[in-house]
Peer 1: 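Below are the C-alpha coordinates for one structure; questions will follow.
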Amino acid sequence: MGGARTALFNYLWAKRNGGRFLLRFEDTDRARSAICHEDSILGDLKWLGIEPDEITARQSERAARHAEVLALLERRNAAYPCFCAASDEAGAIGETSRHACRDIPGNEARARIAGGEKCCWRFRAPSGQAHTFRDRLRGIVSVPADSIGDFVLSRSDGSVTYLLAAVVDDCDSRVTHVIRGEEHLPNAPKQEMICGALGWDLPEWVHIPMILDGERHKLSKRGGAAAISRYRELEWPPDAIVSYLATLSWARAPTDRIAGLDELSGIFDLDSVALAPPVHDESRMRHFGREHMARAPRRELLEACRSSFGPDVGFMPPDAEKISLIDELAPACATLGELRSSLETELGYGADAQGTDVPKWLPAILERLSSIPESDWSSANIKNSLKLFQKELAVKGRDFFHPLRLFLTGRPQGAPLGIILSCVGKREAIRRIGRACDEPNKL
RNA sequence: GGUCCCAUCGUCCAGAGGCCAAGGACAUCGCCCUUUCAAGGCGGCGACACGGGUUCGAAUCCCGUUGGGACCGCCA
(Lines give C-alpha, C1' and ligand atoms only; values in the text may rest on other atoms or scores of the structure.)
Protein backbone atom coordinates (compact mmCIF):
# COMPACT_ATOMS: atom_id res chain seq x y z
CA MET A 1 0.00 0.00 0.00
CA GLY A 2 2.79 2.34 0.88
CA GLY A 3 4.53 1.74 -2.40
CA ALA A 4 1.31 2.09 -4.33
CA ARG A 5 0.54 5.38 -2.65
CA THR A 6 4.03 6.64 -3.43
CA ALA A 7 3.59 5.59 -7.04
CA LEU A 8 0.20 7.28 -7.11
CA PHE A 9 1.56 10.59 -5.87
CA ASN A 10 4.38 10.43 -8.37
CA TYR A 11 1.95 9.61 -11.13
CA LEU A 12 -0.44 12.39 -10.20
CA TRP A 13 2.31 14.94 -9.86
CA ALA A 14 3.77 14.02 -13.23
CA LYS A 15 0.39 14.13 -14.93
CA ARG A 16 -0.51 17.40 -13.28
CA ASN A 17 2.61 19.05 -14.56
CA GLY A 18 2.79 17.48 -17.94
CA GLY A 19 5.79 15.50 -16.82
CA ARG A 20 6.70 11.88 -17.06
CA PHE A 21 6.30 9.23 -14.42
CA LEU A 22 9.36 7.02 -14.43
CA LEU A 23 9.56 3.60 -12.87
CA ARG A 24 12.92 2.14 -12.05
CA PHE A 25 13.67 -1.16 -10.39
CA GLU A 26 16.38 -0.65 -7.87
CA ASP A 27 17.88 -4.06 -7.94
CA THR A 28 21.43 -3.15 -7.04
CA ASP A 29 21.48 -5.93 -4.51
CA ARG A 30 21.49 -8.81 -6.94
CA ALA A 31 21.14 -11.38 -4.19
CA ARG A 32 17.74 -10.07 -3.27
CA SER A 33 16.09 -8.92 -6.40
CA ALA A 34 14.06 -11.18 -8.58
CA ILE A 35 12.29 -10.61 -11.83
CA CYS A 36 9.06 -11.99 -10.45
CA HIS A 37 8.96 -9.13 -7.97
CA GLU A 38 9.12 -6.73 -10.84
CA ASP A 39 6.27 -8.46 -12.57
CA SER A 40 4.07 -8.39 -9.53
CA ILE A 41 4.82 -4.75 -8.84
CA LEU A 42 4.10 -3.86 -12.41
CA GLY A 43 0.99 -5.99 -12.39
CA ASP A 44 -0.35 -4.36 -9.26
CA LEU A 45 0.30 -0.88 -10.58
CA LYS A 46 -1.35 -1.68 -13.85
CA TRP A 47 -4.31 -3.11 -12.00
CA LEU A 48 -4.62 0.21 -10.20
CA GLY A 49 -4.34 2.04 -13.47
CA ILE A 50 -1.09 3.68 -12.50
CA GLU A 51 1.05 2.98 -15.49
CA PRO A 52 4.51 4.45 -15.79
CA ASP A 53 5.35 6.48 -18.87
CA GLU A 54 8.63 4.72 -18.98
CA ILE A 55 10.34 1.89 -17.25
CA THR A 56 13.95 2.92 -17.13
CA ALA A 57 16.75 0.40 -17.19
CA ARG A 58 17.30 -1.70 -14.14
CA GLN A 59 20.11 -0.40 -12.04
CA SER A 60 21.86 -3.70 -12.45
CA GLU A 61 22.03 -3.08 -16.20
CA ARG A 62 23.86 0.17 -15.75
CA ALA A 63 26.87 -1.15 -13.94
CA ALA A 64 29.30 0.34 -16.44
CA ARG A 65 27.95 3.85 -16.04
CA HIS A 66 27.94 3.53 -12.28
CA ALA A 67 31.55 2.36 -12.30
CA GLU A 68 32.42 5.33 -14.46
CA VAL A 69 30.93 7.75 -11.98
CA LEU A 70 32.58 5.98 -9.10
CA ALA A 71 35.92 6.41 -10.83
CA LEU A 72 35.16 10.08 -11.29
CA LEU A 73 34.42 10.36 -7.61
CA GLU A 74 37.71 8.68 -6.83
CA ARG A 75 39.59 11.07 -9.06
CA ARG A 76 38.02 13.93 -7.21
CA ASN A 77 39.10 12.40 -3.96
CA ALA A 78 35.50 12.00 -2.92
CA ALA A 79 35.69 8.23 -2.72
CA TYR A 80 38.26 5.97 -1.16
CA PRO A 81 38.75 2.22 -0.90
CA CYS A 82 38.01 0.44 2.37
CA PHE A 83 39.70 -2.85 3.05
CA CYS A 84 37.72 -3.86 6.06
CA ALA A 85 35.87 -7.12 5.83
CA ALA A 86 32.19 -6.71 5.17
CA SER A 87 31.32 -7.95 8.62
CA ASP A 88 34.10 -6.05 10.31
CA GLU A 89 32.99 -3.06 12.26
CA ALA A 90 36.43 -2.21 13.59
CA GLY A 91 36.92 0.39 10.91
CA ALA A 92 34.24 2.63 12.24
CA ILE A 93 35.63 5.15 14.64
CA GLY A 94 33.38 5.14 17.63
CA GLU A 95 30.56 7.61 17.62
CA THR A 96 31.85 9.63 14.76
CA SER A 97 31.32 8.65 11.25
CA ARG A 98 34.84 8.92 9.91
CA HIS A 99 36.35 5.69 8.84
CA ALA A 100 39.88 4.46 9.46
CA CYS A 101 40.49 3.50 5.84
CA ARG A 102 39.93 7.03 4.60
CA ASP A 103 43.45 7.93 5.60
CA ILE A 104 45.24 5.15 3.79
CA PRO A 105 47.61 6.86 1.35
CA GLY A 106 46.63 6.61 -2.28
CA ASN A 107 49.68 4.72 -3.44
CA GLU A 108 49.36 2.19 -0.66
CA ALA A 109 45.71 1.67 -1.50
CA ARG A 110 46.52 1.19 -5.16
CA ALA A 111 49.16 -1.33 -4.30
CA ARG A 112 46.81 -3.33 -2.13
CA ILE A 113 44.18 -3.34 -4.83
CA ALA A 114 46.76 -4.38 -7.38
CA GLY A 115 47.75 -7.13 -5.02
CA GLY A 116 44.27 -8.51 -5.31
CA GLU A 117 42.99 -7.33 -1.98
CA LYS A 118 39.21 -6.95 -1.82
CA CYS A 119 37.78 -3.57 -0.99
CA CYS A 120 34.62 -1.60 -1.06
CA TRP A 121 34.47 2.10 -1.85
CA ARG A 122 33.25 4.65 0.57
CA PHE A 123 32.23 8.24 0.15
CA ARG A 124 34.49 10.72 1.84
CA ALA A 125 31.85 12.59 3.76
CA PRO A 126 32.91 16.21 4.02
CA SER A 127 33.55 17.49 7.48
CA GLY A 128 31.95 20.72 8.52
CA GLN A 129 29.28 22.09 10.73
CA ALA A 130 26.11 20.76 9.32
CA HIS A 131 24.59 19.70 6.10
CA THR A 132 21.32 21.30 5.15
CA PHE A 133 18.97 20.32 2.40
CA ARG A 134 15.54 21.33 1.37
CA ASP A 135 12.58 19.03 1.48
CA ARG A 136 9.60 20.29 -0.47
CA LEU A 137 7.24 19.48 2.38
CA ARG A 138 9.32 20.31 5.43
CA GLY A 139 11.49 23.11 4.26
CA ILE A 140 15.09 23.31 5.33
CA VAL A 141 16.35 20.31 7.24
CA SER A 142 19.72 20.48 8.90
CA VAL A 143 21.75 17.53 10.09
CA PRO A 144 25.08 17.61 11.90
CA ALA A 145 27.83 16.79 9.45
CA ASP A 146 29.42 14.17 11.64
CA SER A 147 26.18 12.30 11.98
CA ILE A 148 26.65 11.19 8.40
CA GLY A 149 29.13 8.41 8.06
CA ASP A 150 31.43 7.48 5.23
CA PHE A 151 28.77 5.44 3.56
CA VAL A 152 29.50 2.71 1.07
CA LEU A 153 29.25 3.53 -2.63
CA SER A 154 30.19 0.18 -4.03
CA ARG A 155 30.60 -3.23 -2.52
CA SER A 156 33.66 -5.42 -2.60
CA ASP A 157 31.99 -7.50 -5.30
CA GLY A 158 31.96 -4.44 -7.52
CA SER A 159 28.24 -3.72 -7.38
CA VAL A 160 27.16 -0.24 -6.43
CA THR A 161 24.79 0.61 -3.65
CA TYR A 162 21.44 2.30 -3.90
CA LEU A 163 22.82 5.63 -2.80
CA LEU A 164 25.20 6.01 -5.72
CA ALA A 165 23.04 4.27 -8.28
CA ALA A 166 20.03 6.40 -7.48
CA VAL A 167 21.97 9.63 -7.85
CA VAL A 168 23.46 8.60 -11.16
CA ASP A 169 20.26 7.23 -12.60
CA ASP A 170 18.21 10.18 -11.43
CA CYS A 171 20.64 12.51 -13.04
CA ASP A 172 20.83 10.56 -16.27
CA SER A 173 17.05 10.34 -16.44
CA ARG A 174 16.82 14.05 -15.76
CA VAL A 175 14.63 13.45 -12.79
CA THR A 176 13.29 16.69 -11.37
CA HIS A 177 11.28 15.43 -8.42
CA VAL A 178 12.03 12.57 -6.12
CA ILE A 179 8.78 11.74 -4.34
CA ARG A 180 9.38 8.90 -1.93
CA GLY A 181 8.61 7.61 1.53
CA GLU A 182 9.82 9.49 4.56
CA GLU A 183 12.10 6.60 5.46
CA HIS A 184 14.36 7.99 2.77
CA LEU A 185 14.72 11.36 4.41
CA PRO A 186 18.13 10.50 5.89
CA ASN A 187 19.32 9.56 2.41
CA ALA A 188 18.71 12.97 0.95
CA PRO A 189 21.76 14.66 2.50
CA LYS A 190 23.96 11.75 1.45
CA GLN A 191 22.71 11.90 -2.09
CA GLU A 192 23.16 15.65 -2.10
CA MET A 193 26.75 15.17 -1.02
CA ILE A 194 27.36 12.86 -3.94
CA CYS A 195 25.73 15.32 -6.30
CA GLY A 196 27.83 18.07 -4.78
CA ALA A 197 31.08 16.18 -5.32
CA LEU A 198 30.05 15.60 -8.90
CA GLY A 199 28.84 19.13 -9.46
CA TRP A 200 25.47 17.87 -10.53
CA ASP A 201 22.07 19.50 -10.15
CA LEU A 202 19.87 18.49 -7.28
CA PRO A 203 16.40 17.09 -7.72
CA GLU A 204 13.61 18.39 -5.54
CA TRP A 205 13.13 16.10 -2.57
CA VAL A 206 9.61 15.28 -1.53
CA HIS A 207 9.40 12.88 1.35
CA ILE A 208 5.84 11.86 2.00
CA PRO A 209 4.84 10.44 5.38
CA MET A 210 4.72 6.69 5.70
CA ILE A 211 1.45 4.86 6.06
CA LEU A 212 1.09 3.28 9.48
CA ASP A 213 -0.90 0.25 10.54
CA GLY A 214 -3.40 0.13 13.40
CA GLU A 215 -0.54 -0.28 15.86
CA ARG A 216 1.08 2.76 14.38
CA HIS A 217 3.96 0.86 12.89
CA LYS A 218 5.16 1.13 9.36
CA LEU A 219 2.87 -0.90 7.15
CA SER A 220 4.69 -4.13 6.48
CA LYS A 221 5.99 -4.48 2.96
CA ARG A 222 4.45 -7.42 1.24
CA GLY A 223 2.54 -10.48 2.29
CA GLY A 224 0.89 -8.40 4.95
CA ALA A 225 -2.85 -8.20 5.31
CA ALA A 226 -2.73 -4.75 3.79
CA ALA A 227 -1.01 -5.40 0.49
CA ILE A 228 -2.24 -4.46 -2.93
CA SER A 229 -1.86 -8.02 -4.11
CA ARG A 230 -4.07 -9.18 -1.29
CA TYR A 231 -6.78 -6.62 -1.94
CA ARG A 232 -6.57 -7.64 -5.54
CA GLU A 233 -7.22 -11.25 -4.64
CA LEU A 234 -10.14 -10.15 -2.52
CA GLU A 235 -11.46 -8.38 -5.59
CA TRP A 236 -11.54 -4.89 -4.22
CA PRO A 237 -12.40 -2.36 -6.90
CA PRO A 238 -9.10 -0.79 -7.96
CA ASP A 239 -10.59 2.67 -8.37
CA ALA A 240 -11.78 2.51 -4.78
CA ILE A 241 -8.28 1.73 -3.60
CA VAL A 242 -6.82 4.55 -5.62
CA SER A 243 -9.37 7.02 -4.28
CA TYR A 244 -8.70 5.87 -0.74
CA LEU A 245 -4.94 6.00 -1.15
CA ALA A 246 -5.23 9.56 -2.39
CA THR A 247 -6.81 10.59 0.91
CA LEU A 248 -3.81 9.37 2.83
CA SER A 249 -1.89 12.60 3.49
CA TRP A 250 -3.31 14.51 0.59
CA ALA A 251 -5.85 17.01 1.88
CA ARG A 252 -7.61 17.80 -1.35
CA ALA A 253 -8.59 14.27 -2.21
CA PRO A 254 -12.36 13.78 -2.17
CA THR A 255 -13.23 11.86 0.99
CA ASP A 256 -16.76 10.78 0.34
CA ARG A 257 -16.76 9.52 -3.20
CA ILE A 258 -14.59 7.90 -5.78
CA ALA A 259 -12.47 10.15 -7.92
CA GLY A 260 -10.75 8.78 -10.96
CA LEU A 261 -7.10 9.14 -11.82
CA ASP A 262 -7.94 11.84 -14.32
CA GLU A 263 -9.87 13.91 -11.85
CA LEU A 264 -7.20 13.49 -9.20
CA SER A 265 -4.36 14.39 -11.51
CA GLY A 266 -6.22 17.51 -12.49
CA ILE A 267 -6.13 18.89 -8.97
CA PHE A 268 -3.13 17.20 -7.37
CA ASP A 269 -0.71 19.42 -5.55
CA LEU A 270 2.15 18.89 -3.20
CA ASP A 271 1.33 21.84 -1.00
CA SER A 272 -1.67 20.09 0.51
CA VAL A 273 0.26 17.04 1.53
CA ALA A 274 0.14 16.68 5.31
CA LEU A 275 3.19 15.76 7.34
CA ALA A 276 1.84 13.46 10.02
CA PRO A 277 1.93 9.79 9.11
CA PRO A 278 -1.58 8.51 8.33
CA VAL A 279 -2.99 5.28 9.70
CA HIS A 280 -4.36 2.76 7.27
CA ASP A 281 -8.01 2.24 8.10
CA GLU A 282 -9.84 -0.46 6.24
CA SER A 283 -13.23 0.72 7.36
CA ARG A 284 -12.55 4.00 5.65
CA MET A 285 -11.38 2.17 2.58
CA ARG A 286 -14.57 0.11 2.66
CA HIS A 287 -16.56 3.25 2.10
CA PHE A 288 -14.85 3.72 -1.22
CA GLY A 289 -15.41 0.09 -2.07
CA ARG A 290 -19.12 0.40 -1.36
CA GLU A 291 -19.25 3.60 -3.30
CA HIS A 292 -17.89 1.73 -6.30
CA MET A 293 -20.30 -1.16 -5.90
CA ALA A 294 -23.25 1.14 -5.50
CA ARG A 295 -22.50 2.88 -8.77
CA ALA A 296 -20.95 0.17 -10.87
CA PRO A 297 -22.90 -0.69 -14.00
CA ARG A 298 -25.27 -3.49 -12.96
CA ARG A 299 -24.54 -5.39 -16.13
CA GLU A 300 -20.90 -5.53 -15.20
CA LEU A 301 -21.61 -6.79 -11.72
CA LEU A 302 -23.97 -9.38 -13.09
CA GLU A 303 -21.34 -10.80 -15.39
CA ALA A 304 -18.85 -10.93 -12.56
CA CYS A 305 -21.31 -12.69 -10.29
CA ARG A 306 -23.14 -14.90 -12.72
CA SER A 307 -21.89 -18.09 -11.14
CA SER A 308 -23.37 -17.11 -7.79
CA PHE A 309 -26.84 -17.68 -9.14
CA GLY A 310 -26.07 -21.34 -9.26
CA PRO A 311 -25.78 -23.86 -12.08
CA ASP A 312 -28.45 -23.92 -14.71
CA VAL A 313 -30.77 -26.73 -13.66
CA GLY A 314 -33.48 -26.16 -16.16
CA PHE A 315 -34.41 -22.85 -14.62
CA MET A 316 -32.66 -19.54 -14.75
CA PRO A 317 -34.13 -16.28 -13.57
CA PRO A 318 -34.15 -13.53 -16.18
CA ASP A 319 -31.23 -11.11 -15.96
CA ALA A 320 -33.54 -8.29 -14.96
CA GLU A 321 -34.50 -10.20 -11.82
CA LYS A 322 -30.91 -11.01 -11.04
CA ILE A 323 -30.07 -7.37 -11.39
CA SER A 324 -32.81 -6.45 -8.95
CA LEU A 325 -31.16 -8.69 -6.40
CA ILE A 326 -27.77 -7.19 -7.14
CA ASP A 327 -29.30 -3.76 -6.72
CA GLU A 328 -30.40 -4.74 -3.27
CA LEU A 329 -27.13 -6.20 -2.15
CA ALA A 330 -24.37 -4.31 -3.92
CA PRO A 331 -24.49 -1.05 -1.92
CA ALA A 332 -23.63 -2.96 1.23
CA CYS A 333 -20.62 -4.67 -0.33
CA ALA A 334 -17.15 -3.26 -0.73
CA THR A 335 -15.76 -5.93 -2.99
CA LEU A 336 -16.86 -8.24 -5.73
CA GLY A 337 -16.04 -11.17 -3.51
CA GLU A 338 -18.41 -9.85 -0.89
CA LEU A 339 -21.17 -9.36 -3.41
CA ARG A 340 -20.77 -12.91 -4.56
CA SER A 341 -20.96 -14.43 -1.15
CA SER A 342 -23.79 -12.14 -0.21
CA LEU A 343 -25.64 -13.30 -3.29
CA GLU A 344 -24.98 -16.90 -2.42
CA THR A 345 -26.22 -16.70 1.12
CA GLU A 346 -29.23 -14.75 -0.05
CA LEU A 347 -30.18 -17.48 -2.48
CA GLY A 348 -29.32 -20.31 -0.16
CA TYR A 349 -31.26 -21.61 2.77
CA GLY A 350 -30.26 -20.77 6.33
CA ALA A 351 -30.77 -22.60 9.58
CA ASP A 352 -32.85 -20.10 11.51
CA ALA A 353 -36.27 -21.64 10.85
CA GLN A 354 -35.53 -24.60 13.05
CA GLY A 355 -37.88 -24.89 15.97
CA THR A 356 -40.17 -22.17 14.69
CA ASP A 357 -43.88 -22.94 14.74
CA VAL A 358 -45.30 -23.35 11.27
CA PRO A 359 -48.11 -20.82 10.81
CA LYS A 360 -51.54 -22.23 10.01
CA TRP A 361 -51.71 -20.36 6.75
CA LEU A 362 -48.52 -21.76 5.29
CA PRO A 363 -50.23 -24.53 3.27
CA ALA A 364 -52.53 -21.92 1.81
CA ILE A 365 -49.67 -19.76 0.66
CA LEU A 366 -48.08 -22.81 -0.86
CA GLU A 367 -51.18 -23.28 -2.91
CA ARG A 368 -51.31 -19.63 -3.81
CA LEU A 369 -47.72 -19.56 -5.06
CA SER A 370 -48.18 -22.81 -6.91
CA SER A 371 -50.96 -21.23 -8.87
CA ILE A 372 -48.60 -18.67 -10.38
CA PRO A 373 -47.52 -20.01 -13.76
CA GLU A 374 -43.76 -20.36 -14.22
CA SER A 375 -43.96 -17.85 -17.01
CA ASP A 376 -45.37 -15.26 -14.61
CA TRP A 377 -42.92 -16.06 -11.83
CA SER A 378 -41.55 -12.56 -11.47
CA SER A 379 -40.70 -10.53 -8.42
CA ALA A 380 -43.51 -8.10 -9.18
CA ASN A 381 -46.14 -10.81 -9.48
CA ILE A 382 -44.91 -12.66 -6.43
CA LYS A 383 -44.90 -9.49 -4.41
CA ASN A 384 -48.44 -8.64 -5.45
CA SER A 385 -49.62 -12.10 -4.75
CA LEU A 386 -48.12 -12.06 -1.28
CA LYS A 387 -49.50 -8.62 -0.48
CA LEU A 388 -52.93 -9.75 -1.58
CA PHE A 389 -52.72 -12.81 0.56
CA GLN A 390 -51.62 -10.76 3.52
CA LYS A 391 -54.68 -8.54 3.10
CA GLU A 392 -56.99 -11.51 2.94
CA LEU A 393 -55.41 -12.91 6.03
CA ALA A 394 -55.79 -9.55 7.75
CA VAL A 395 -52.51 -9.88 9.63
CA LYS A 396 -49.85 -7.28 10.11
CA GLY A 397 -47.03 -7.24 7.64
CA ARG A 398 -44.56 -8.17 10.27
CA ASP A 399 -46.58 -11.15 11.45
CA PHE A 400 -46.91 -12.34 7.93
CA PHE A 401 -43.64 -11.63 6.18
CA HIS A 402 -41.33 -12.51 8.98
CA PRO A 403 -42.41 -16.13 9.41
CA LEU A 404 -42.84 -16.53 5.70
CA ARG A 405 -39.30 -15.31 5.14
CA LEU A 406 -38.05 -17.70 7.76
CA PHE A 407 -39.49 -20.71 6.00
CA LEU A 408 -38.58 -19.47 2.57
CA THR A 409 -34.99 -18.52 3.20
CA GLY A 410 -34.13 -19.98 6.58
CA ARG A 411 -33.07 -16.52 7.69
CA PRO A 412 -34.82 -13.76 9.63
CA GLN A 413 -33.87 -11.00 7.24
CA GLY A 414 -32.65 -10.31 3.75
CA ALA A 415 -33.60 -8.76 0.45
CA PRO A 416 -37.28 -8.30 -0.47
CA LEU A 417 -38.99 -11.67 -0.64
CA GLY A 418 -40.38 -11.21 -4.11
CA ILE A 419 -36.92 -10.73 -5.54
CA ILE A 420 -35.46 -13.66 -3.69
CA LEU A 421 -38.28 -15.94 -4.73
CA SER A 422 -38.02 -14.97 -8.31
CA CYS A 423 -34.28 -15.58 -8.34
CA VAL A 424 -34.54 -18.82 -6.45
CA GLY A 425 -37.12 -20.10 -8.89
CA LYS A 426 -40.64 -21.37 -8.45
CA ARG A 427 -39.71 -24.99 -8.05
CA GLU A 428 -37.25 -24.32 -5.24
CA ALA A 429 -39.59 -21.90 -3.49
CA ILE A 430 -42.42 -24.42 -3.56
CA ARG A 431 -40.09 -27.14 -2.38
CA ARG A 432 -39.01 -25.10 0.63
CA ILE A 433 -42.51 -24.23 1.75
CA GLY A 434 -43.75 -27.72 1.06
CA ARG A 435 -41.02 -29.10 3.25
CA ALA A 436 -41.95 -26.73 6.03
CA CYS A 437 -45.56 -27.87 5.83
CA ASP A 438 -44.79 -31.55 5.64
CA GLU A 439 -41.74 -31.93 7.77
CA PRO A 440 -41.44 -28.92 10.04
CA ASN A 441 -38.93 -30.79 12.17
CA LYS A 442 -36.51 -31.36 9.37
CA LEU A 443 -35.74 -27.79 8.52
C1' G B 1 22.22 5.40 22.52
C1' G B 2 22.81 9.30 18.42
C1' U B 3 20.48 12.11 14.38
C1' C B 4 16.16 13.57 11.98
C1' C B 5 10.82 13.85 11.31
C1' C B 6 5.96 14.29 13.32
C1' A B 7 1.79 15.71 17.05
C1' U B 8 -6.42 18.60 15.84
C1' C B 9 -12.51 13.95 16.95
C1' G B 10 -11.90 6.36 16.86
C1' U B 11 -9.74 7.14 11.48
C1' C B 12 -8.43 10.51 7.18
C1' C B 13 -8.15 15.63 6.47
C1' A B 14 -9.55 21.41 7.07
C1' G B 15 -7.45 25.18 10.00
C1' A B 16 -1.09 29.31 7.45
C1' G B 17 -2.88 35.01 15.01
C1' G B 18 -8.81 37.27 15.61
C1' C B 19 -14.22 34.67 10.75
C1' C B 20 -12.96 28.44 15.74
C1' A B 21 -17.56 28.17 22.14
C1' A B 22 -12.65 24.18 15.98
C1' G B 23 -15.22 22.42 10.13
C1' G B 24 -15.89 18.15 6.55
C1' A B 25 -15.54 12.90 5.33
C1' C B 26 -15.47 7.82 7.11
C1' A B 27 -16.80 4.97 11.35
C1' U B 28 -20.22 4.84 15.50
C1' C B 29 -25.01 5.83 17.98
C1' G B 30 -30.28 7.45 17.57
C1' C B 31 -34.62 8.71 14.65
C1' C B 32 -37.34 8.45 9.94
C1' C B 33 -38.41 5.35 5.77
C1' U B 34 -39.25 -0.04 5.21
C1' U B 35 -42.42 -6.83 5.87
C1' U B 36 -36.82 -7.60 7.72
C1' C B 37 -31.61 -6.42 6.74
C1' A B 38 -29.05 -3.13 3.83
C1' A B 39 -29.29 1.32 1.20
C1' G B 40 -31.23 6.33 1.65
C1' G B 41 -32.85 10.90 4.59
C1' C B 42 -32.28 13.53 9.30
C1' G B 43 -29.81 14.20 13.85
C1' G B 44 -26.40 13.03 18.20
C1' C B 45 -21.59 11.76 20.41
C1' G B 46 -16.70 13.04 19.45
C1' A B 47 -10.31 16.31 19.20
C1' C B 48 -6.50 21.21 19.32
C1' A B 49 -0.89 15.87 24.03
C1' C B 50 1.13 18.84 28.34
C1' G B 51 3.79 23.16 30.34
C1' G B 52 5.89 27.73 29.65
C1' G B 53 6.42 32.03 26.78
C1' U B 54 5.38 36.05 22.55
C1' U B 55 0.74 38.90 21.68
C1' C B 56 -4.70 43.08 23.11
C1' G B 57 -5.70 38.04 21.16
C1' A B 58 -2.78 31.26 19.77
C1' A B 59 -5.19 25.12 17.43
C1' U B 60 -2.23 28.53 14.54
C1' C B 61 4.46 31.65 16.31
C1' C B 62 8.84 30.32 19.89
C1' C B 63 10.98 27.12 23.80
C1' G B 64 10.68 22.88 26.80
C1' U B 65 8.36 18.20 28.21
C1' U B 66 5.86 13.93 26.83
C1' G B 67 4.40 10.65 23.08
C1' G B 68 4.89 8.34 18.25
C1' G B 69 7.88 7.19 14.01
C1' A B 70 12.08 6.75 10.80
C1' C B 71 17.15 6.27 10.01
C1' C B 72 21.98 5.09 11.87
C1' G B 73 23.92 -1.94 6.66
C1' C B 74 29.27 -4.00 1.75
C1' C B 75 19.50 -3.33 2.28
C1' A B 76 16.70 -0.31 -0.65
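The chains referred to below are lettered A, B, ... by the order of the sequence lines, with proteins before strands, and numbering in each begins at 1.
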Peer 1: In whole angstrom, what separates A:Ile258's CD1 from B:C12's P?
Peer 2: 20 Å

Peer 1: Just checking, A:Arg5 and A:Phe9: is the charged tip under 6.0 Å from the six-membered ring centre and within 45° of the axis?
Peer 2: yes

Peer 1: Taking CG from A:Asp27 and P from B:A76, how many angstroms apart are they, rounded to a whole number?
Peer 2: 9 Å

Peer 1: Using a cut-off of less than 4.0 Å, is there contact between a side-chain N or O of A:Arg284 and OP1 or OP2 of B:A25?
Peer 2: no

Peer 1: So which heavy atom on A:Gln191 is nearest to which on A:Ala166, and how close?
Peer 2: NE2-CB, 3.3 Å

Peer 1: What nucleotide, of B:C12, B:C4, B:A27, holds the atom closest to the side chain of A:Leu185?
Peer 2: B:C4

Peer 1: Does B:C20 have a Watson-Crick or wobble partner in any strand here, with both distances under 3.5 angstrom, and which is it?
Peer 2: none

Peer 1: Within the structure, does a side-chain N or O atom of A:Arg216 lie under 4.0 Å from either OP1 or OP2 of B:A7?
Peer 2: no

Peer 1: If you measure from the C1' atom in B:C26 to the same atom in B:C9, how many Å do you get, rounded?
Peer 2: 12 Å

Peer 1: Please determine whether a side-chain nitrogen or oxygen atom of A:Lys218 lies at a distance below 4.0 Å from atom OP1 or OP2 of B:C71.
Peer 2: yes

Peer 1: Quote, to the nearest angstrom, the P distance that separates B:A25 from B:C32.
Peer 2: 23 Å

Peer 1: Sort out the partner of B:A14 for me: Watson-Crick or G-U wobble, both distances under 3.5 Å, none otherwise.
Peer 2: none

Peer 1: Expressed as a whole number of angstroms, how long is the span from A:Asp146:CG to B:C4:P?
Peer 2: 11 Å

Peer 1: Using whole Å, what does the distance between atom P of nucleotide B:C6 and atom CG of A:Asp135 come to?
Peer 2: 9 Å

Peer 1: Counting only side-chain nitrogens and oxygens, does A:Ser249 get under 4.0 Å of the OP1 or OP2 atom of B:C12?
Peer 2: no

Peer 1: More than 12 heavy atoms of other residues, nucleotides or ligands under 6.0 Å from CD of A:Glu108: is that the case?
Peer 2: yes

Peer 1: For B:A38, which nucleotide in any strand shown is its Watson-Crick or wobble partner with both distances under 3.5 Å?
Peer 2: none

Peer 1: Cationic tip of A:Arg112 within the cone over A:Phe83's six-membered ring, i.e. under 6.0 Å and within 45° of the normal?
Peer 2: yes

Peer 1: Starting at atom CE of A:Met210, determine the distance to atom C1' of B:A76, rounded to an integer number of angstrom.
Peer 2: 14 Å

Peer 1: Under 4.0 Å between a side-chain N/O of A:Arg295 and OP1 or OP2 of B:A39, yes or no?
Peer 2: no

Peer 1: Counting side-chain heavy atoms from C-beta on, which of B:G10, B:C71, B:G73 comes nearest to A:Pro186?
Peer 2: B:C71

Peer 1: Return yes if the base of B:A76 and the side-chain atoms of A:Asn187 contain a donor-acceptor N/O pair under 3.5 Å, otherwise no.
Peer 2: yes

Peer 1: Whether the A:Arg155 and A:Ser159 side chains hold a donor-acceptor pair (N or O, under 3.5 Å, no angle test) is what I'd like checked.
Peer 2: yes

Peer 1: For atom CD of A:Glu367, is the number of surrounding heavy atoms from other residues, nucleotides or ligands below 6.0 Å larger than 12?
Peer 2: no

Peer 1: Counting distance alone, no hydrogens or angles: does the base of B:C74 have a donor or acceptor under 3.5 Å from a partner atom on the side chain of A:Ser156?
Peer 2: yes

Peer 1: For B:G57, which nucleotide in any strand shown is its Watson-Crick or wobble partner with both distances under 3.5 Å?
Peer 2: none

Peer 1: Pairing check on B:G43: which nucleotide meets the Watson-Crick or G-U wobble criteria with it, both distances under 3.5 Å?
Peer 2: B:C29

Peer 1: Please give, in whole Å, the distance from B:G24 P to A:Asp256 CG?
Peer 2: 13 Å

Peer 1: Given that both distances must come in under 3.5 Å, which nucleotide forms a Watson-Crick or G-U wobble pair with B:G2?
Peer 2: B:C71

Peer 1: Of the listed nucleotides (B:U3, B:A38, B:C6), which one gets closest to any side-chain atom of A:Val143?
Peer 2: B:U3

Peer 1: In whole Å, what is the span from the CZ atom of A:Arg411 to the P atom of B:C37?
Peer 2: 14 Å

Peer 1: More 5' along RNA chain B: A:Cys119 or A:Leu417, using each one's nearest nucleotide?
Peer 2: A:Leu417

Peer 1: Can you tell me if the side-chain N/O atoms of A:Arg155 get under 4.0 Å from OP1 or OP2 in B:C75?
Peer 2: yes

Peer 1: What is the separation between atom CD on A:Glu183 and atom C1' on B:C6, rounded to the nearest whole Å?
Peer 2: 14 Å

Peer 1: A:His217 on top of B:G69's base, within under 5.5 Å and under 30°?
Peer 2: no

Peer 1: Which residue pairs pass the salt bridge (Lys or Arg N to Asp or Glu O under 4.0 Å) test when at least one of the two sits in residues 390-403 of chain A, sequence neighbours left out?
Peer 2: A:Arg368-A:Glu392

Peer 1: Under a 3.5 Å cut-off for both contacts, is B:G64 paired Watson-Crick or G-U wobble with anything, and if yes, with which nucleotide?
Peer 2: B:C50

